[in-house]
Amino acid sequence: GCNPLAETGRSKLQNQRAVLNQQILRAVRMRAGAENLLRATTNNKVREQVLLELSFVNSDLQILKEELEGLNISVEVYQNAEETFSIPLVPLGLKETKDVDFTLPLKDFIQEHYSQDSSEYEDEIADLMDLRQACRTPSRDEAGIEMLISYFLQLGYVENRFFPPTRHIGVLFTWYDSFTGVPVCQQNLLLEKASVLFNIGALYTQIGTRCNRQTQAGLENAVDAFQKAAGVLSYLKETFTHTPSYDMSPAMLNVLVKMMLAQAQECVFEQIGLSGIRNEFFTLVKMTQEVAKVGEVYMLVNTAMNQEPVKENIPYSWSKLAQIKSDHYKALAHYFTATILCDHELQPGDDEDQQEKALSQLYDSVPEGLMVLAVLKDKVQRKQLGKAHLRQAIVYHEEALRVCGLCKKLRNIEVLQEVLTAAHKRSLLKYAQQETEDDFLSLIQAPDILPKTEHKIETIAPQFSKVKVKDFFHKLGPLTVFSAKQRWTAPRTICLHHQAGELGFSLKGGSPVQVYCLDPACSAASAGLKEGDYIVSVDGVDCKWLGVNEVLEKLKSVGKQPVEIEVISCQDTAASLHSKSATYSMGMQKTYSLICLAMDEDKIDQTKKAPLKLPFLSWGTKNRQKAASTLCLPSAVAGSSQIKKKLSPFTLFNTESSLY
């Protein structure tokens, strides 16, 4: 990872975000305490003082939220260092987290569950913690992406090695919401995995905004980065459900995916016009439809941002920037159409049918009384329709400038003001060049432009398989056998004596090998060897990863001398245990949630099994609706159908892969 103390613009923003998160946490705790006191007291004087304190804390929280929004719209820091004349793109900030100490919980679990000397795994645990720490400050390039993906894949191994589905091992993960700054604390590793995925998507957006948009290669890289960001966020939405954080809720992720695809579409338009837009009929028709498509996707983004429940948490300046871009690119579409009509009169050698077909593709319907071919042939009608498009372009430009001026954060972005002003002046100049004596007689309204693109933008699913990682805890044995879901007896030492060259049993399976066809009368059975035991070592040599032939070679190489092997037996796990998950989110007004999830009892007769119920027990339910800052899990209704959970391909054996 990058040096966390490096004084770069991006690191300063992340440090400011961390400080704001702590201030928001203190303010939320103060508000929770004041609300509890207000509910508990009946003294009028105390109530007045508490209400005054609450008003102060709420105003303080509002100020902190505005400061956090200011960080989210600090787009200049993330743009390419070279001077450009382009509207800035919006990146996502990385989620902040607290330090996590895996040492004691993992060492205890290794000692208890795997019956191994935990001191032998201190280096592996340290490597895991170092990797997590480095992921807090990833470099803004492919190396940073690869490191985050490596940690995400490593968490898949850790989850299956150390996180049993029946209990927690005492590791608390804390992640701060990227938009509200409210922390979420859970002992569930899936919170960690989901947050790392969010940061992978966020880092892709930062890579996309950093690309040089003045070159063809830079724009191609930007399009690719935003498509990959959308793919990661879409994968997060589909794989991890019921996330207790606003920035990872399905509604918010849906908006973020749309925003990233819109920015990719914007880069595609810039890529097409990078070498210059020729003032030629068919070229302008193509550019008109492309730029209209950009305006349409930003209009959809703005609409999505203003829907509940996203509206309350999405930065206000993001919503306004989407509206500005929608108006700006719609204005450009009308400007290009006006240029087609005003600058390109039908000449005797032109192909009327081709021009009529091309111009017809721009409109869903033309104004009443007009025909496309007639407009092409009639100079007066061309001028009138062209000026109508110019008037509409000017209206859109003025609306974009007005909205930009009303937003304090956006009007301070100089390059945005320059681009909008230059486009507005260009449309005014074009309109001034046209004859104006018939303006009062023209009642034509410019029709809407139909959007169309030849470059379809879609999400690019994350390619986790391209990043190769090695399980830090490889020494524990094959994950198919040595996982947190399996329970084993402590290793037993068996002394084998060769009887006429025979062992008295056979071996089967991959690694580790398993004992079968055990002769009850052999010396190995008398020494305690059982059918189905796994051999984990031969004469002190670890053989968890050895196959049948390799283990047999080791047994035969000893000759007539007795051989000591260590074996383990799988314990019966048919008894059903309940999974208890206590969830605590900072800022909850004494609202604690306990979810008891009953495991499927596979071995119980299905005809006798009662339908599973998911009771949801909570304290302080009367105050749940009042807790605006509370992040609660949804109540589970008895008898409700369970949502089918999608499995992450990297959660190899934990079938309960839905989040919380």
Indicate yes or no: does Arg161 engage Glu159 in a salt bridge with an N to O separation below 4.0 Å. no

Walk me through whether Gln206 and Leu92 qualify under side chain to side chain contact (heavy atoms under 4.5 Å, CB included). CA-CA 7 Å; Gln206 295 182 13; Leu92 297 177; 6.0 Å; no

Would you check, one step at a time, whether the test side chain to side chain contact (heavy atoms under 4.5 Å, CB included) holds for Glu192 with Tyr151? CA-CA 10 Å; Glu192 180 91 347; Tyr151 180 58; 2.5 Å; yes

For Tyr204, does the six-membered ring have the charged nitrogen or CZ of Lys228 within the cation-pi criterion, i.e. under 6.0 angstrom from the centroid and within 45° of the normal? no

Tell me whether the guanidinium CZ or amine NZ of Lys107 lies under 6.0 angstrom from the six-membered ring centre of Tyr121 and within 45° of its axis. no

Check whether any side-chain heavy atom of [X] sits under 4.5 Å from a side-chain heavy atom of [Y], and report yes or no.
X	Y	answer
Leu416	Cys404	yes
Phe109	Pro164	yes
Pro138	Leu94	yes
Phe162	Leu189	no
Gln154	Asp471	yes
His397	Thr421	no
Cys185	Phe173	no

Measure across [X] and [Y] and return the closest heavy-atom pair with its distance rounded to 0.1 Å.
X	Y	result
Ser150	Val467	OG-CG1, 3.4 Å
Met147	Ala134	CE-O, 3.3 Å
Asn306	Lys311	O-CD, 3.7 Å
Met248	Ala194	SD-O, 3.5 Å
Pro105	Gly170	CG-O, 4.3 Å

Sequence neighbours excluded, the answer for side chain to side chain donor-acceptor pair (under 3.5 Å) partners of Glu270 is Arg213

Test of ring centre spacing under 6.0 Å for Tyr329 and Tyr396: no

Considering the options Val301, Val90, Val297, which one meets the side-chain contact (heavy atoms from CB on, under 4.5 Å) requirement together with Gln263? Val90

Spatial distance of atom [atom1] ([X]) from atom [atom2] ([Y]) [nearest 0.5 Å]:
X	Y	atom1	atom2	value
Ser139	Leu148	OG	CG	8.5 Å
Thr97	Trp175	OG1	CH2	4.5 Å
Ile314	Met252	CD1	CE	4.5 Å

If the plane angle is over 60° it's perpendicular, under 30° parallel, otherwise tilted; pick one for Phe152 and Tyr235. perpendicular

Pair Arg136, Asp99 - check salt bridge (charged side-chain N to carboxylate O under 4.0 Å, His left out), show working. CA-CA 10 Å; Arg136 298 178 66 177; Asp99 291 336; 2.3 Å; yes

Polar side-chain atom of Asn302 near backbone of Tyr298 as donor-acceptor pair, under 3.5 Å: no

My understanding is that only residues two or more places apart in sequence, or in another chain, count here; which of them pass salt bridge (charged side-chain N to carboxylate O under 4.0 Å, His left out) with Lys293? Glu296

